[in-house]
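Below is one structure, written out as structure tokens; the observations come after it.
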Amino acid sequence: MNYFNVGVLSIQGDIAENVSAVQKSIKKLNYRGIVNEINNDKHISKLDGLIIPGGESTTIAKLSMIDKLLKKLQNKINDGMPIFGICAGLILLSKYINDKKIGPTNQLHMDLLDIEVERNYFGRQKDSFESYIEILLPKMIKTKGIFIRSPRIKKVGNGVQILSKLNNNIIAVRQNNILATSFHPELTHDTILYEYFISMIQQHHDQTH
Ligand code: GLN
């Protein structure tokens, strides 16, 4: 049976919730694996997949400059490692970043996911909300989305598949080995997004081993 080493970027944000959601999903799928909190470059080479949790994208990016972590992750993702960016994680992965109110943010980012993202589109902390959403994984599935200072995806490039929309705003996409959502699956009990991400890891693992 395959053994997966899944990392959760542990600089700032929803770390513990993601670790336990991945653990729960690995168990549910009857796989074996470990989940590691990643806050330096030491164990990156051994990872089979990584989650960048929600939090504050500018803070995560700045603190990730230590050990040139972002650059090293960028190379690893370019080599095909599956990555799941949640909310701030989605923003960090994007190519083009604007803030709803201030426009282009010029923040550090990984420049990998060919989308234009609009930060804080769904409002401030007090405007957080939950909504039922439908998402293509690869069948259309209903789940709950929790939105906390979430971005929307304004435009997508050719290689980007739209997985979900809410009131005509794109909220989940996939581009090859990159999965990204503007909502927070770690805050619901439904592990479907993590199970889908683990299936991406499984496929990549089968192709490379
Ligand atoms: N608005 C935050 C940012 O721009 C993201 C919010 C979140 O991850 N919940 O980084």
Side-chain angles (χ1 to χ4, degrees), residues 6-22 37-39 49-66 69-70 73-74 77 83-133 135 143-156 163-167 169-175 178-194 196-197:
V6 184
V8 173
L9 190 67
S10 300
I11 308 285
Q12 185 267 339
D14 260 2
I15 297 157
E17 294 84 349
N18 273 287
V19 169
S20 72
V22 183
E37 294 187 13
I38 303 294
N39 55 20
L50 179 78
I51 293 177
I52 307 182
E56 175 53 46
S57 55
T58 50
T59 307
I60 299 175
K62 271 185 210 144
L63 296 174
S64 301
M65 289 308 282
I66 306 161
L69 195 54
L70 278 196
L73 285 176
Q74 213 174 17
I77 299 164
I83 179 115
F84 181 11
I86 299 172
C87 203
L90 173 152
I91 295 168
L92 276 172
L93 289 164
S94 305
K95 278 188 186 273
Y96 311 101
I97 309 173
N98 291 301
D99 182 275
K100 195 181 179 187
K101 290 206 176 120
I102 3 186
T105 58
N106 291 326
Q107 66 194 87
L108 285 170
H109 61 287
M110 285 202 249
D111 206 11
L112 294 167
L113 178 56
D114 190 9
I115 61 173
E116 183 186 323
V117 69
E118 199 172 357
R119 281 179 74 191
N120 301 312
Y121 178 78
F122 292 102
R124 319 284 334 164
Q125 191 79 18
K126 65 171 171 44
D127 305 310
S128 301
F129 66 98
E130 291 182 17
S131 172
Y132 280 100
I133 57 165
I135 183 162
T143 185
K144 197 159 68 176
I146 298 188
F147 295 79
I148 306 168
R149 295 183 293 117
S150 289
R152 73 157 166 172
I153 298 162
K154 211 172 164 185
K155 278 189 202 146
V156 301
L163 303 182
S164 183
K165 282 185 180 179
L166 180 67
N167 305 330
N169 297 306
I170 304 166
I171 53 167
V173 290
R174 177 163 173 188
Q175 174 190 301
I178 304 177
L179 173 68
T181 63
S182 62
F183 55 90
H184 288 261
E186 78 283 7
L187 298 178
T188 59
H189 294 295
D190 192 354
T191 51
I192 191 72
L193 259 305
Y194 294 92
Y196 178 77
F197 181 58

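Just follow the structure's listing: the first ligand is 1, and inside any ligand the first atom is 1. Every value quoted in this text rests on a predicted model; they were computed, and no experiment measured them.
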### Query
What pairs meet the salt bridge (Lys or Arg N to Asp or Glu O under 4.0 Å) rule with one or both residues in residues 50-63, with sequence neighbours excluded?
Glu56-Arg119, Glu56-Arg149

### Query
Applying salt bridge (Lys or Arg N to Asp or Glu O under 4.0 Å), which residue pairs with at least one partner in residues 91-118 are found, sequence neighbours left out?
Glu116-Lys155, Glu118-Arg152

### Task
Answer yes if the side chains of Asp190 and Thr143 hold a donor-acceptor pair under 3.5 Å, and no otherwise.
yes

### Message
Hydrogens and angles aside, do His109 and Gln107 bring a side-chain donor and acceptor to less than 3.5 Å of each other?
### Response
no

### Task
Anything with a heavy atom under 4.0 Å from ligand 1 counts, so go ahead and list those protein residues by chain and number.
Gly54, Gly55, Glu56, Ser57, Cys87, Ala88, Ile91, Arg119, Asn120, Ile148, Arg149, His184

### Message
With heavy-atom distances below 4.5 Å as the criterion, would you say the side chains of Ile91 and Leu93 are in contact?
### Response
no

### Query
By ring-ring contact (aromatic ring centres under 6.0 Å, His included), which residues pair with Tyr121, not counting sequence neighbours?
none

